[in-house]
Amino acid sequence: MKILVSSCLLGENTRYDAESSNIALNPKFKFSEKELFMDIMCENEIYSICPEISGGLGVPRAKAEIISHEKPIKVIDENKEDITINFLLGAKKALDICLENGIKVALFKSKSPSCGNIEVYDGTFSKKLIKEKGLSARLLEENGIKVFNEYELKELNKFIKNI
Ligand code: SF4
């Protein structure tokens with residue numbers, strides 16, 4: 001199965017702080033979880049994207065949070081720069097990859113203002129999480145593409161096997 005995966009989960013240093021969120025090397029994950037991640041990565045056709053880089057942002061970059069989830073959507077960075085257009089562009093590029101390649105499922109990094117599928121920071125830069133989606137995760141789900149995060153590997157695996 002084809003899966004779109006956040007580049008940082010695959011070990012690319014695409015995060016705002018120029019680090020990765022590599023599941024395989026992250027001590028927070030048990031060996032069995034890393035093994036499942038590697039099995040999923042090796043047994044499927046993986047497409048990688050960092051929507052923020054695809055949207056024109058660099059590495060490193062200032063932290064960003066969504067301050068309006070409804071239209072007009074607004075994303076700012078911690079220097080108060082409006083970077084909404086970069087996030088919208090990155091989301092569109094993620095969707096285009098899915099549509100062009102028939103991708104029906106994504107494994108995206110949790111809590112990211114682009115990739116988060118369940119919760120994101122609340123827009124006050126005070127580390128408070130709210131039940132909202134990142135802009136890329138939201139656009140994918142609005143178009144029928146199922147998004148899982150790195151703590152939902154078992155659910156992702158079940159989804160892949162049952163499709
Ligand atoms: Fe990772 Fe997504 Fe953030 Fe890029 S935008 S660094 S892929 S969480």
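Fair warning: this is a prediction, and the values are worked out from it, not measured in the lab. We count ligands from 1, going down the list as the structure has it; atoms in each ligand are counted the same way.
A salt bridge links Glu150 and Lys109; the closest N-O separation between the charged side-chain nitrogens and carboxylate oxygens is under 4.0 Å.
Neither the backbone nor the side chain of Glu19 comes within contact range of ligand 1; no heavy atom lies under 4.0 Å. Using a 4.0 Å cut-off between heavy atoms, Ile49 contacts ligand 1 through its backbone alone, with no side-chain atom that close.
Taking every heavy atom of both residues into account, Val147 and Glu141 meet most closely at N-OE2, 3.3 Å. Between Ser112 and Val120, the shortest heavy-atom distance links the atoms O-CG1, 3.4 Å.
Protein N, O or S atom count below 2.8 Å of atom 1 (Fe) of ligand 1: the structure gives 1.
Between the side chain of Ser114 and the backbone N or O of Leu135 there is no donor-acceptor pair closer than 3.5 Å. Side-chain N or O atoms of Ser6 include none that pairs as donor or acceptor with a backbone N or O of Cys8 at under 3.5 Å.
Of all atoms in ligand 1, numbered sequentially from 1 with element shown, those under 4.0 Å from a heavy atom of Arg61 are 6 (S).
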Intermediate values then yes/no, ring pair (Phe, Tyr, Trp, His ring centres under 6.0 Å), Phe29 and Phe37: CA-CA 10 Å; Phe29 289 91; Phe37 169 70; 8.2 Å; no
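Considering Glu152, Lys111, Lys133 as possible partners of Asn117, the one that fulfils the side-chain hydrogen bond (donor to acceptor under 3.5 Å, both in side chains) test is Glu152.
Heavy atoms of Glu150 come nearer than 4.0 angstrom to ligand 1 in no pair at all.
Listed by chain and number, the residues in a salt bridge (Lys or Arg N to Asp or Glu O under 4.0 Å) with Glu70 are Arg138 (sequence neighbours excluded).
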